[in-house]
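Numbers restart at 1 for each chain; the letters A, B, ... are given by sequence-line order, proteins then strands. What you see below is based on every heavy atom in this structure, not just the backbone, and it leaves out hydrogens, waters and symmetry mates. Keep in mind the model is a prediction, meaning the values are calculated, not measured.
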There are 2 protein chains.
Amino acid sequence: MIHFILNTKIDVLNWKILKLLQENARESFANIGRKVGLTPPAVAERVKKMEDLGVISGYKAVVSHSHTGYQLKAIITLRAFMGKLRPFLEIVNTYEEVVNCYRITGNENIIMLVVLKDQFHLEKFIDKLIQYGETRTHIILSDVVSNAPIKKREV
Amino acid sequence: MIHFILNTKIDVLNWKILKLLQENARESFANIGRKVGLTPPAVAERVKKMEDLGVISGYKAVVSHSHTGYQLKAIITLRAFMGKLRPFLEIVNTYEEVVNCYRITGNENIIMLVVLKDQFHLEKFIDKLIQYGETRTHIILSDVVSNAPIKKREV
DNA sequence: GGTGAAAATTGGGAATT
DNA sequence: AATTCCCAATTTTCACC
């Protein structure tokens with residue numbers, strides 16, 4: 001299997017549409033059309049094409065962690081024991097605390113962003129992880145940048 | 001200033017609505033209503049209220065990094081030099097490479113998720129950071145969990 | 001582009017607590 | 001009394017040709 005073109009060419013109009021949809025995914029095609037100078041069907045066609053190409057992979061409501069009972073956030077790194085990485089990767093999807101999880105290079109294998117109710121919840125969660133490896137926990141003090149939108153980068 | 005209720009009570013119907021909107025933020029109120037057993041205005045009213053309360057903080061199109069020219073992702077931690085944390089916090093919003101940035105406890109002050117075109121881009125970006133502190137870089141090998149939806153947690 | 005179908009929105013009223 | 005829902009009508013948006 002060969003990837004011919006991964007970096008799809010996106011013109012200035014599509015970047016404008018992407019900007020608007022990243023700011024408000026529920027914006028109507030009519031409104032978007034007014035702002036970028038296209039008719040609603042033209043916007044719909046462009047959006048559809050970007051969905052099909054995979055440029056847009058979905059639309060998500062952003063739900064506040066703190067308003068839904070998760071007042072504590074932490075970064076946890078995991079250095080997996082021999083033979084324990086695979087089992088961890090297979091189970092991590094079922095942990096509702098885990099919002100993001102990446103495999104990384106370096107001394108640790110895994111880095112996670114987790115949300116928790118309180119420090120007791122954190123303690124219980126770390127207890128669940130110790131069977132897979134050594135963990136290191138950093139409490140998040142504040143969000144400086146949260147899922148910043150992707151913008152066109154000058155080349 | 002006193003926070004009386006941060007953890008808003010969310011009933012089972014609103015959790016269903018939140019689930020659907022996290023899966024597809026562009027789902028119509030009519031469709032949501034059919035799935036949860038409400039009329040469109042009732043859904044709209046509940047969603048509006050959750051927006052006002054801050055339970056829903058927005059709706060975002062998810063744009064693929066790899067399809068927009070960012071083939072490389074990395075986690076970078078920063079241990080800021082004396083007096084350099086504040087200036088960094090004020091400028092980090094302008095770095096388009098930075099998708100997420102958190103202040104954390106521990107040996108490092110800052111942890112970031114960044115997206116990059118290639119290793120040359122990474123090198124240039126790290127060069128921009130060295131004036132603020134010591135950095136440590138972990139290349140992301142794969143996404144195991146990506147912005148998992150928030151679900152109701154059993155108490 | 002233009003037309004018919006579907007959805008959003010608004011206002012008002014009824015039922016539940 | 002406050003909240004939440006439904007119904008009906010208007011406006012807007014969507015989708016198909």
What nucleotide among [options] has an atom nearest to a side-chain atom of [X]?
X       : options               : answer
B:Glu45 : D:dT13, D:dC5, D:dA8  : D:dC5
B:Leu38 : D:dT4, D:dT13, D:dC6  : D:dC6
B:Ala30 : C:dA7, D:dT3, C:dT9   : C:dA7
B:Ala42 : D:dC5, D:dT13, D:dC16 : D:dC5
A:Ser28 : C:dA7, C:dT9, D:dT13  : D:dT13
B:Leu13 : C:dA8, D:dC5, C:dG2   : D:dC5
A:Pro41 : D:dT13, C:dG2, D:dC7  : C:dG2

[X] [atom1] to [N] [atom2], straight-line distance once rounded to whole Å:
X       : N      : atom1 : atom2 : result
A:Phe29 : D:dT13 : CZ    : P     : 12 Å
B:Glu27 : C:dA6  : CD    : C1'   : 14 Å
A:Lys35 : D:dT13 : NZ    : P     : 11 Å
B:Lys48 : C:dT9  : NZ    : C1'   : 12 Å
B:Ile32 : C:dA7  : CD1   : P     : 12 Å
B:Asn14 : D:dT4  : CG    : C1'   : 11 Å
B:Ile17 : D:dT4  : CD1   : P     : 12 Å
B:Asp11 : D:dC5  : CG    : P     : 8 Å

May I ask you to say whether A:Lys19 pairs ionically with A:Glu23, meaning some side-chain N is under 4.0 Å from a carboxylate O?
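Answer for the salt bridge query: yes.
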Please determine whether a side-chain nitrogen or oxygen atom of A:Arg34 lies at a distance below 4.0 Å from atom OP1 or OP2 of D:dT12.
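No, no such contact exists.
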Short side-chain N/O contact to D:dT3 OP1/OP2 from B:Arg46, under 4.0 Å
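Indeed not, no polar side-chain atom of B:Arg46 lies that close.
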Base, sugar-phosphate or nothing for A:Pro40? Non-hydrogen atoms, less than 4.0 Å.
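No contact.
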B:Arg136 (side chain) donor-acceptor with B:Ile75 (main chain) under 3.5 angstrom
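Not confirmed, B:Arg136 side chain does not pair with B:Ile75 backbone.
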Both A:Thr39 and A:Arg26 contact DNA chain C. Which one's nearest nucleotide lies toward the 5' end?
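That would be A:Thr39.
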Quick one: sort the A:Phe88 and A:Tyr95 rings into parallel, tilted or perpendicular, breaks at 30° and 60°.
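Because their plane-to-plane angle lies in the 30° to 60° range, the rings of A:Phe88 and A:Tyr95 count as tilted.
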Tell me whether B:Leu20 is reachable from B:Val47 by hopping between hydrophobic residues (I, L, V, M, F, W, Y) whose side-chain heavy atoms are closer than 4.5 Å.
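Yes.
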Report yes or no: do A:Tyr70 and A:Glu96 form a side-chain donor-acceptor pair below 3.5 Å?
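Side-chain D/A pair, A:Tyr70 to A:Glu96: absent.
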